[in-house]
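Residues: numbered from 1 along the sequence shown.
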Amino acid sequence: FSAMNLAFHIAKRYLVGKRTTQAINLITGISMIGITVGTCALILILSVFNGFQGLIYQLFNSFNPDLKVTPVNGKIFVPDPDTLATIRSMDGVLYVSETLEETALFEYKKASDAGMLKGVDTFYHHVTLIDSVLIQGVDRLNDTMGNYAILGSGMESAIGANIQDAFNPITVYMPRKTRSSLDRSFETKFIYPSGIFSLQQDYDKELVIAPLPLVRGLLGFNQEVSSLEIRLDPRVNPQETQIRIETLLGGRFRVQNKLEQQSSFLRLMNIEKWVAFAILSLAMLLVVVNLIGALWMIVLDKKQDIAQLKAMGAPSRLIRDIFLYLGFLLGGIGLLVGFILALIIYGLQIRYKLLSMGEGFIVDAYPIKIMAIDFIATTVIVMVVVGLASILPALRADKVGAYLR
């Protein structure tokens, strides 16, 4: 045996060998259970964040266009007809939708709330899969029989809109750009809610989607838009198409893909995920106390063995390594069992939906997704905690003399 192999071999014997008192076995078991539960919790918390992140990204994929063109300066612009025709005829471009957004006040019966009114043209339902995020009603934006709108679930709750009520429309108030009289400072239009969508809280609580001519009429515009939303052929390279459009439009316009449109939100979700991971990692430090106690008692239990090893010429490093390896063995077993337990709970959640979301949500159970990076991060944290817990007992073992009285 080399010194390393010998230390590891002795550590394994101490792990499974008999001890003089049952208290040592109890404390050792408690420390391993702590590592197991902590490992399982870390994996499951990260997997739930992964699940929600995947779900929201999937919803944004349905709601957001493949590419979105917005002006670098200002909020609105008039698209050049020739440039717009060139974009529509590009290889890989399937549909281009013109949209116009502005803040408005919405009033239904006696309730009112401010939000964002988004006007969309007839191509909008081709560019975004708006139907996939509807939780009530239908999409009637292209209905020529009236001005219909789709409301975010938060806006619907705020003003108490009823999509079944055909007699009470929502009144939309938009500030006049030029006030010709004091008694009418707002332009008003009426819309009838035909559907409710649920995507993400910031969208749900303020967004109302209506026909583009209605929004232009409120603002007194003819051709102005806030953005061009583009759907691409999935068989083409989206980056190449994005570069071609950026080159065509020049530096006055910003062309964003789906990830770039939601980069700040996805970055925030990632921060929240790893902050939660850091908090749970700090909670893992509580395991250090139990593990130090278990290893310390094993050191006291094996004093005679340590003295004999030193009398036989064992170097201090070998004694320290024995108890360092013993700590890592205890941590490794707890880590492995924690992984297995997390995978079992993950499988049960996927199959039997143990944790449900209740009614009114897009999904009926908590989304969950396990990623390899979560196992790597958890392993690193647990091994660091175990290493810190093993240092003091290892140093204590090194102080045991070669001869005991």
Side-chain angles (χ1 to χ4, degrees), residues 63 65 68-85 87-88 95-109 111-128 130 139-152 155-156 158-159 161 168-195 197 202-203 205-230 249-250 252-256 261:
F63 190 78
K68 186 173 183 178
V69 178
T70 54
V72 173
N73 298 313
K75 293 171 56 179
I76 60 172
F77 65 99
V78 177
D80 177 67
D82 294 334
T83 302
L84 188 56
I87 295 175
R88 293 185 194 276
Y95 299 98
V96 179
S97 174
E98 299 179 45
T99 66
L100 178 61
E101 298 182 25
E102 188 55 82
T103 303
L105 179 68
F106 303 95
E107 184 180 65
Y108 183 77
K109 296 182 179 179
S112 62
D113 195 16
M116 182 65 66
L117 180 64
K118 179 173 182 176
V120 300
D121 63 12
T122 55
F123 293 105
Y124 184 72
H125 70 282
H126 293 297
V127 172
T128 61
I130 186 66
D139 173 9
R140 297 184 64 182
L141 293 174
N142 294 337
D143 196 322
T144 57
M145 299 299 293
N147 290 323
Y148 291 95
I150 299 174
L151 281 65
M155 176 61 71
E156 179 253 348
I159 63 176
N168 292 290
I170 298 172
T171 305
V172 183
Y173 296 91
M174 188 79 72
R176 281 177 177 267
K177 297 301 179 183
T178 58
R179 299 183 181 181
S180 57
S181 61
L182 295 175
D183 59 336
R184 285 198 62 196
S185 58
F186 290 91
E187 286 285 355
T188 61
K189 295 283 185 181
F190 300 102
I191 56 176
Y192 292 86
S194 68
F197 73 84
D202 292 339
Y203 283 90
K205 70 182 181 181
E206 69 168 19
L207 187 59
V208 175
I209 304 173
L212 180 59
L214 178 140
V215 181
R216 278 179 172 163
L218 280 167
L219 290 168
F221 291 159
N222 294 316
Q223 296 177 311
E224 287 84 351
V225 299
S226 298
S227 65
L228 299 177
E229 302 192 1
I230 303 170
L249 295 175
R252 294 185 301 113
F253 293 92
R254 184 186 301 109
V255 183
Q256 296 174 306
Q261 292 168 45

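- The aromatic rings of Tyr124 and Phe63 lie perpendicular to each other, with more than 60° between the two planes, well past the 30° mark.
- Side-chain contact between Leu207 and Met116 is present, with heavy atoms from C-beta onward closer than 4.5 Å.
- In this structure, a donor-acceptor pair under 3.5 Å is present between the side chains of Glu107 and Tyr173.
- Taking the side chain as every heavy atom from C-beta outward, Glu98 and Leu228 approach each other to under 4.5 Å.
- Taking the six-membered ring where the residue is Trp, Tyr95 and His126 present parallel rings, their angle staying beneath 30° rather than reaching 60°.
- In terms of modelled atom types and a separation under 3.5 Å, the side chain of Gln261 and the main chain of Pro65 share a donor-acceptor contact.
- Side chains of Thr122 and Asn142: no donor on one and acceptor on the other come within 3.5 Å.
- Formation of a donor-acceptor pair under 3.5 Å by the Gln223 side chain with backbone atoms of Phe221 is not found in this model.
- Both cation-pi conditions hold for Arg88 and Phe123: the charged atom is under 6.0 angstrom from the six-membered ring centre and inside a 45 degree cone around its axis.
- Residues Pro193 and Glu156 are not in side-chain contact: their nearest non-hydrogen atoms beyond the backbone lie 4.5 Å or more apart.
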Assess whether side chain to side chain contact (heavy atoms under 4.5 Å, CB included) is satisfied between Lys189 and Asn147, documenting all intermediate values. CA-CA 9 Å; Lys189 295 283 185 181; Asn147 290 323; 5.6 Å; no
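- For the pair Phe77 and Val225, the minimum side-chain heavy-atom distance is below 4.5 Å.
- Between Leu249 and Ile87 the shortest side-chain heavy-atom distance falls below 4.5 Å.
- Looking at Thr70 and Ser227, their side chains never bring a donor and an acceptor atom within 3.5 Å of each other.
- Residue Leu212 comes nearest to Thr99 through the heavy atom pair CD1-C, 4.4 Å, listed as atom of the first residue, atom of the second, then distance.
- Side-chain contact check for Val120 versus Val127: every heavy-atom pair is 4.5 Å or farther apart.
- Side-chain contact between Phe186 and Leu105 is absent, with no heavy atoms from C-beta onward closer than 4.5 Å.
- Remark: the backbone N or O of Gly115 is not paired with any side-chain donor or acceptor of Asp113 at under 3.5 angstrom.
- At least one side-chain heavy atom of Val208 sits less than 4.5 Å from a side-chain heavy atom of Ile191.
- Remark: Lys118 NZ is packed, more than 12 non-hydrogen atoms of other residues, nucleotides or ligands lying under 6.0 Å away.
- Every residue two or more places apart in sequence or in another chain that forms a side-chain contact (heavy atoms from CB on, under 4.5 Å) with Lys109 is listed here: Asp165, Asn168.
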